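One structure is given here, and the rest of the page talks about it.
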Amino acid sequence: MAGKFITLEGGEGAGKTTQARLIKSYFEESGFDVVLTREPGGVPEAEKIRNLLVQRDGGNWTPMAECLLFFAARQMHVETLIKPAVAEGKIVICDRFTDSTVAYQGYGHGFDLDTIRQIEALTLGGFSPDLTFLLDIPVKDGIGRSLKHNNSAPGDENKEDRFERLDVSFHERLRQGFLDLAKKNPERIRVVDARQSAELVFGEICAAL
Ligand code: TYD
């Protein structure tokens, strides 16, 4: 029997990583084989691309080049890890996927949404998650949380905060983008109020699972 591909989405500080680990344990306790992975990255080639995208000194990409890099990483990830694992009956849980590109590069940075969809079709050929949890949190709460977790020296050029250093209006557009995606894909995307405690968020996720 084929497995399932489940993704977690949301802005900064929404608690995706914590929930991804909880979902992993939940399925493992029920006897499933689980793969926990993330984007950009997940396989060695895509992790190399990740460094170009998320580190402070990773490069000053044009919007098109940046979008192509995200999908180049994603295509490797899907073909060499996600699809084979799902075919073997595993549950694959991924921290971010295509919805993040639509929200960040599209709604956030204003890159053309149709072009993103064309690149998606070309690289992934219609492959998409079986289920997505959108952890939704008001921008101020989310940034506050992620600042708490992220207080390294300002001069650290390898620091993975290129996207977190963007302004509040960017994060507002991002949030609206994710909510728009959820409205357009109600059968796939479940919105969970991430202001709640991790336990309550996980309770809602379990009910949906
Ligand atoms: P990550 O380090 O996993 O941050 P977070 O803990 O917020 O999930 O993600 C790296 C950054 O890359 C994050 O700020 C979101 C951004 N990103 C995009 O802009 N587009 C994408 O397609 C993906 C997958 C991530």
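Note that the structure is a prediction, hence the values are computed from the model and not measured. As the structure lists them, so they are numbered: ligands from 1, and atoms in each ligand from 1.
- The number of heavy-atom neighbours closer than 6.0 Å to CZ of Arg188, taken from other residues, nucleotides and ligands shown, is above 12.
- With 3.5 Å as the limit, one finds a donor-acceptor pair spanning the side chains of Arg74 and Thr101.
- Scored by the side chain to side chain contact (heavy atoms under 4.5 Å, CB included) test, Ala65 finds Trp61, Thr62 as partners (sequence neighbours excluded).
- Here Thr101 has heavy atoms under 4.0 Å from ligand 1 in both its backbone and its side chain.
- Ligand 1 places these atoms under 4.0 Å from at least one heavy atom of Val54: 10 (C), 11 (C), 12 (O).
- When hydrophobic residues (I, L, V, M, F, W, Y) are linked wherever their side-chain heavy atoms come within less than 4.5 Å, the members clustered with Ile93 are Ile6, Leu8, Leu22, Ile23, Tyr26, Phe27, Phe32, Val34, Leu36, Ile91, Leu131, Phe133, Leu135, Val192, Val201, Phe202, Ile205, Leu209.
- Against a heavy-atom cut-off of under 4.0 Å, Glu12 is close to the following atoms of ligand 1: 7 (O), 14 (O).
- One finds the CE atom of Met64 at 8.5 Å from the CG atom of Asp112 (value rounded to the nearest 0.5 Å).
- The ligand atoms of ligand 1 that sit less than 4.0 angstrom from a heavy atom of Arg50 are 1 (P), 2 (O), 3 (O).
- Between Arg74 and ligand 1, a contact under 3.5 Å exists for at least one N or O pair.
- Within ligand 1, the atoms closer than 4.0 Å to a non-hydrogen atom of Glu39 are 24 (C), numbered from 1 in the order shown.
- Numbered from 1 in the order shown, with element, the atoms of ligand 1 that lie under 4.0 Å from a heavy atom of Lys16 read 5 (P), 8 (O).
- Taking every non-hydrogen atom of Gln105 and a distance limit under 4.0 Å, the qualifying atoms of ligand 1 come out as 18 (C), 19 (O), 20 (N), 21 (C), 22 (O).
- The option with the heavy atom closest to atom 21 (C) of ligand 1, from among Phe70, Phe71, Phe97, Tyr104, is Phe70.
- Using a non-hydrogen distance threshold of 4.0 Å, Glu66 does not register as a contact of ligand 1.
- Side-chain contact annotation: Glu39 with Ser100, donor-acceptor N/O pair under 3.5 Å absent.
- Between Phe97 and Phe5, the ring-plane angle classifies as perpendicular under the 30° and 60° cut-offs.
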